Peer 1: 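Could you have a look at this structure, given as structure tokens, before my questions?
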Amino acid sequence: MARITMIAAGGHSEMAVLVGASSTGKTRACWEAVQPLIPLGWRLWHPFDPTHAEAALADLNRVAPHTVVWLNEAQHYLGAPAGLGERIAAALRSLLTEPARSPVLILGTLWPEYAAVYTLNKTGQQSNYPQVRELLAGRLIAVPDAFDAAAIGVAKAVAAAGDQQLTHALEHALNGQVTQLMAGGPELLHRYHTASPPGRALLNAAMDGRRLGAGLHLPITFLEQAAEDYLTDDEYDALDDDWLQSALDQLATTVHGNLAPLRRTRFRSTRRNTGAQQAGPTYRLADYLEQYGRQERKPLCPPTSFWKAARDEFTDPETLDHLAWAAFSRHRIYWAYELWQKAVEAGSVTAMHRLAELRMQADEPEAAENLLQQAADAGDAHALLWISEMRERSGDHEEAERLAQQAADVSDTFGTYGYVRLAGIRMEAGDREGARDLLKTAVDAGDVEAMHRLAELEQASGNRESAEMLLRQAMGIDDGEALLQLVTLLEEAGDHAEAERLARQAAHDGAPYYLHRLAELRAEAGNREAAEELLQQSLAAGDVDALDVLAQLAEEAGDHEGAEVLWRRLAASGPFAGALTHLGEIRAKRGEYEEAEALFRDAAAAGDQGALYFLAELREQAGDRVEAERLAQLYDAGGSVRALFRLAQLREKAGDRAEAERLAREAADRGASGALYRLAQLREKAGYRADAERFAREAADAGDADNWLRLRSSGQNERPDTFLGRLWPHGLDPDGTPSAPW
């Protein structure tokens, strides 16, 4: 942080966002970081009224040089609904890059779960927060949950100089969690554990509401109704008439740091109704208890009163959608439907999609189309495309094309994508000419994917020249996939010179992959000598990755020794320890376990964490379970829990069911989503139905149900064949009993 401050003081705009759990000192670190700027005349701006997001968006364009923009709890800005978060992120990016407004310093804090959502970028999936992800790239600073040995040593030195509060914290903190202790976290936990039954019921309802997607401000009407089933029959019968107010008064009493377990929130009279605002009183759960609840209550599904209260009392469509997803992922299908239906009534296009998918799975296409039509009437292009595909499959091609064009008119994002989708359906039906006509329409509009699809169709029909022309047209739009497809087409057609020319040009421009692929094509055609010559030339030009391709070709040709030499050479040439791991996998598959283990150990020593995974498996197979688990734990410490569950699978296969369960539970505790669910599937296959149901129910309770709304934009009447769907076709009630047909 000191470096960031120095850069800003030197006249350059900077941004940093501290990421850490509640009460880890993020805000204090930011405050200390701005202190050197005060004597230099810097100002601090904290946008918060009428709401954090609205205040930021309204005045970001007025931020002048030498300003610290204070975004504490940055999720209130970057995660704001209705696209506000994306607009704020775009405005912040502009602020950082405008020379006339430099220097500015933007400081923010985030919990890890929010940072993970904003920066998620799964291959092949569009990010929900593209502007936020770009803004945060390279600007996140992790704050550890606890002091390490070095930090403890520094803290002890400061404490010894007379800081009595720090001395007390060091003496009583567990696992290095000094800042949490100083912030009052343990006292909050004590208040939670010693609360009266109605007080604890309110806190449990609030914890579950926050962890499953409800907003910060929880309506008292929700908390009151939700709390009922968190009480036993005796506790419920013993409630006084004024139990609610008594419990709220108890929970509003603050602990150290002026923190209350559950405190009343007030909306300012100047604050506009944002849609998520509730009409009556609202309460906010302490951050520390929220994080505690997210971890400790993860295996628990809330009771019926929670879901009923959520349906009855929440009105914000985004909140309803979050809670509906939480119900669906717990196989509480009835309540997912009820919550999405409430969101539909509030005008949520997203909920219309969700319910349409459920209707399609229930083989109710007319009801699904009615929902999609509602979304389409609201201007949703996704819904138009889906209806278009339904029309196409029913044979109404003219209406399908009209709807696809309407989707393109509604949203520039889709363009002629609808025509490409319709062409795919016609191809499935064997109508090649109909598909060709649709693709030509999309190609004329400049659709690159259509160029690919039509090129494939032309090539399959023997029209090589037309296919080549289309691919060159796609290449002109800077499409690397078209180049790869064209190189393949030319090579297979015998035009080796042109294929090589294009591949070499790409390699010269910094993309040797195309030359690698050309070499593989020549090897596949039986011309291994020509393939190796290309790769040797590429290697001589500094393309070290060519060693990997050469090694693979040698291995496929049966030259195991030659392949090993090449892979060892690759491993020695830089950060390619994975080459040794790959070689170890090959040795293990051939039954050469000692040689494989030696290679894995070399790879692990060279820094390839994945080699530990394979080492653990080898030790397990050799009967050395202690070492296998030690290696698995080391691998898991690197951020993955695959190894533990893989060991569980091996022990399950060996008949050691108790050990398999222990390992699977440990994997689940360490964050392996679905570990118990997959163990349930193994037990079902082995004929242990009772075990299968027990583990599947636990997985569902924790939100690991393998329920997928698979049918978006597919337009097909199919019910996904999921494991839980076979066990309990109508879902589960909140208490875990199978639901009756509804």
Side-chain angles (χ1 to χ4, degrees), residues 124 385 388-389 391-393 395-398 400-401 404-405 408 415-507 509 511-531 533-535 549 553 556 714-716:
L385 283 181
S388 171
E389 293 177 20
R391 289 283 182 269
E392 178 68 26
R393 293 184 187 281
D396 190 351
H397 305 313
E398 184 176 346
E401 290 185 32
Q405 184 58 54
T416 51
Y417 173 71
Y419 286 96
V420 178
R421 291 284 303 173
L422 293 182
I425 296 173
R426 291 194 188 175
M427 281 293 293
E428 291 174 10
D431 183 6
R432 297 168 69 90
E433 287 306 312
R436 180 179 279 109
D437 290 342
L438 287 168
L439 290 171
K440 283 182 177 178
T441 300
V443 167
D444 291 342
D447 190 294
V448 174
E449 184 177 356
M451 295 173 194
H452 279 282
R453 301 294 168 262
L454 186 54
E456 292 171 357
L457 185 56
E458 296 287 41
Q459 186 177 359
S461 302
N463 302 324
R464 178 200 154 194
E465 291 184 1
S466 177
E468 182 177 335
M469 180 186 68
L470 286 160
L471 292 172
R472 290 188 183 277
Q473 185 179 350
M475 284 172 55
I477 311 176
D478 192 27
D479 180 38
E481 184 63 27
L483 173 58
L484 181 61
Q485 193 173 343
L486 181 57
V487 167
T488 303
L489 182 152
L490 292 168
E491 183 69 14
E492 292 176 349
D495 192 349
H496 307 305
E498 179 63 4
E500 186 169 330
R501 186 189 71 78
L502 289 170
R504 287 189 182 279
Q505 181 61 50
D509 293 339
Y513 170 74
Y514 300 99
L515 202 57
H516 296 174
R517 180 55 187 151
L518 180 59
E520 290 172 347
L521 289 170
R522 293 190 174 176
E524 290 167 7
N527 195 349
R528 183 184 171 193
E529 184 177 342
E533 183 180 352
L534 275 177
L535 293 168
V549 186
L553 293 180
E556 290 168 5
S714 71
Q716 300 181 49

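Values in this document were obtained by computation on a predicted structure and should not be read as measured data.
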Peer 1: Kindly give the heavy-atom pair with the smallest separation between V420 and A442, and that separation in Å.
Peer 2: CG2-CB, 4.1 Å
Peer 1: Are any non-hydrogen side-chain atoms of L534 and H516 less than 4.5 angstrom apart?
Peer 2: no
Peer 1: Would you call L385 and Y417 a side-chain contact if the rule is heavy atoms closer than 4.5 Å?
Peer 2: yes
Peer 1: Working to the nearest 0.5 Å, report the span between CG of L470 and CD of E465.
Peer 2: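 One finds 12.0 Å between CG of L470 and CD of E465.
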Peer 1: If the threshold is 4.0 Å, N to carboxylate O, is there a salt bridge linking E389 and R426?
Peer 2: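 Here E389 does not pair with R426 in a salt bridge, since their nearest N and O are not under 4.0 Å apart.
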Peer 1: Looking at CG of L422 and CD of E392, how far apart are the two atoms once the value is rounded to the nearest 0.5 Å?
Peer 2: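 So the gap between those two atoms works out to 5.0 Å.
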Peer 1: Is there a salt bridge (Lys or Arg N to Asp or Glu O under 4.0 Å) between R528 and E533? Walk through the geometry before answering.
Peer 2: CA-CA 9 Å; R528 183 184 171 193; E533 183 180 352; over 6 Å; no
Peer 1: List in chain and number order the residues that pass side-chain contact (heavy atoms from CB on, under 4.5 Å) with E529, two or more places apart in sequence or in another chain; answer none if no residue qualifies.
Peer 2: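 Scan of E529 (side-chain contact (heavy atoms from CB on, under 4.5 Å), adjacent residues dropped) gives N527.
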Peer 1: R517 and L484: which non-hydrogen atoms are nearest, and at how many Å?
Peer 2: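 So the two residues come closest at CG-CD1, 3.4 Å.
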Peer 1: Quick check for you: to the nearest 0.5 Å, what is the distance between R436 atom CZ and D431 atom CG?
Peer 2: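 Answer for the CZ-CG pair, R436 versus D431, is 10.5 Å.
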Peer 1: Please name the pair of heavy atoms, one in A507 and one in L515, separated by the smallest distance, quoted to 0.1 Å.
Peer 2: CB-CD2, 4.2 Å
Peer 1: A side-chain contact here means heavy atoms from C-beta on lying under 4.5 Å apart; do L471 and H452 qualify?
Peer 2: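 Yes, at least one pair of side-chain atoms sits under 4.5 Å.
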Peer 1: Check the side chains of R421 and S388 for a donor-acceptor pair under 3.5 angstrom, ignoring hydrogens and angles.
Peer 2: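 No, R421 and S388 have no side-chain donor paired with an acceptor closer than 3.5 Å.
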Peer 1: Which heavy atom of A467 sits nearest to which heavy atom of A455, and what is that distance?
Peer 2: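 Of all heavy-atom pairs spanning A467 and A455, the closest is CB-O, 3.4 Å.
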Peer 1: Are any of the side-chain heavy atoms of L518 and H496 separated by less than 4.5 Å?
Peer 2: no
Peer 1: Considering only heavy atoms from C-beta outward, does the side chain of L483 approach that of L502 to under 4.5 Å?
Peer 2: yes
Peer 1: In Å, rounded to the nearest 0.5 Å, how long is the span from CG of D437 to NE2 of H397?
Peer 2: 11.5 Å
Peer 1: Could you report the tightest heavy-atom contact between Q405 and Y419, atom names first, then the distance?
Peer 2: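 Closest pair (atom of Q405, atom of Y419, distance): OE1-OH, 3.1 Å.
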Peer 1: Just so I know, are the side chains of L553 and L535 near enough to count as touching, which here means a heavy-atom distance under 4.5 Å?
Peer 2: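 In short, these two side chains touch, coming nearer than 4.5 Å.
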Peer 1: Could you walk me through whether T488 and L521 pass the side chain to side chain contact (heavy atoms under 4.5 Å, CB included) test, one step at a time?
Peer 2: CA-CA 7 Å; T488 303; L521 289 170; 3.8 Å; yes
Peer 1: With rounding to the nearest 0.5 Å, note down the distance linking CE in M475 to CG in L486.
Peer 2: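 Taking CE in M475 and CG in L486, the distance rounds to 6.0 Å.
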Peer 1: Identify whether the distance between the nearest side-chain nitrogen and carboxylate oxygen of R464 and E492 falls below 4.0 Å.
Peer 2: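 No, this pair does not count.
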Peer 1: Side chains of M451 and I477: does their closest heavy-atom pair fall under 4.5 Å?
Peer 2: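 Result yes, sub-4.5 Å side-chain heavy-atom pair found.
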Peer 1: Can a salt bridge be assigned to the pair E498 and R472 using a cut-off of 4.0 Å between side-chain N and carboxylate O?
Peer 2: yes
Peer 1: Consider only side-chain N and O atoms of Q505 and Y514, and report whether a donor and an acceptor are under 3.5 Å apart.
Peer 2: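 There is no such pair (donor and acceptor under 3.5 Å, judged by atom type) between the side chains of Q505 and Y514.
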Peer 1: At their closest point, which heavy atom of V487 faces which heavy atom of A499, and how far apart are they?
Peer 2: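 Smallest interatomic distance, heavy atoms only, reads O-CB, 3.8 Å.
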Peer 1: What residues, two or more places apart in sequence or in another chain, satisfy side-chain contact (heavy atoms from CB on, under 4.5 Å) together with E456?
Peer 2: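 E456: side-chain contact (heavy atoms from CB on, under 4.5 Å) contacts with R453, Q485.
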Peer 1: Begin from the C-alpha positions of R522 and E500 and carry the test side chain to side chain contact (heavy atoms under 4.5 Å, CB included) through to its verdict.
Peer 2: CA-CA 11 Å; R522 293 190 174 176; E500 186 169 330; 3.0 Å; yes
Peer 1: Measuring from atom CD of Q459 to atom CG of L454, what distance do you get when rounded to the nearest 0.5 angstrom?
Peer 2: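 Reported to 0.5 Å precision, the distance equals 11.5 Å.
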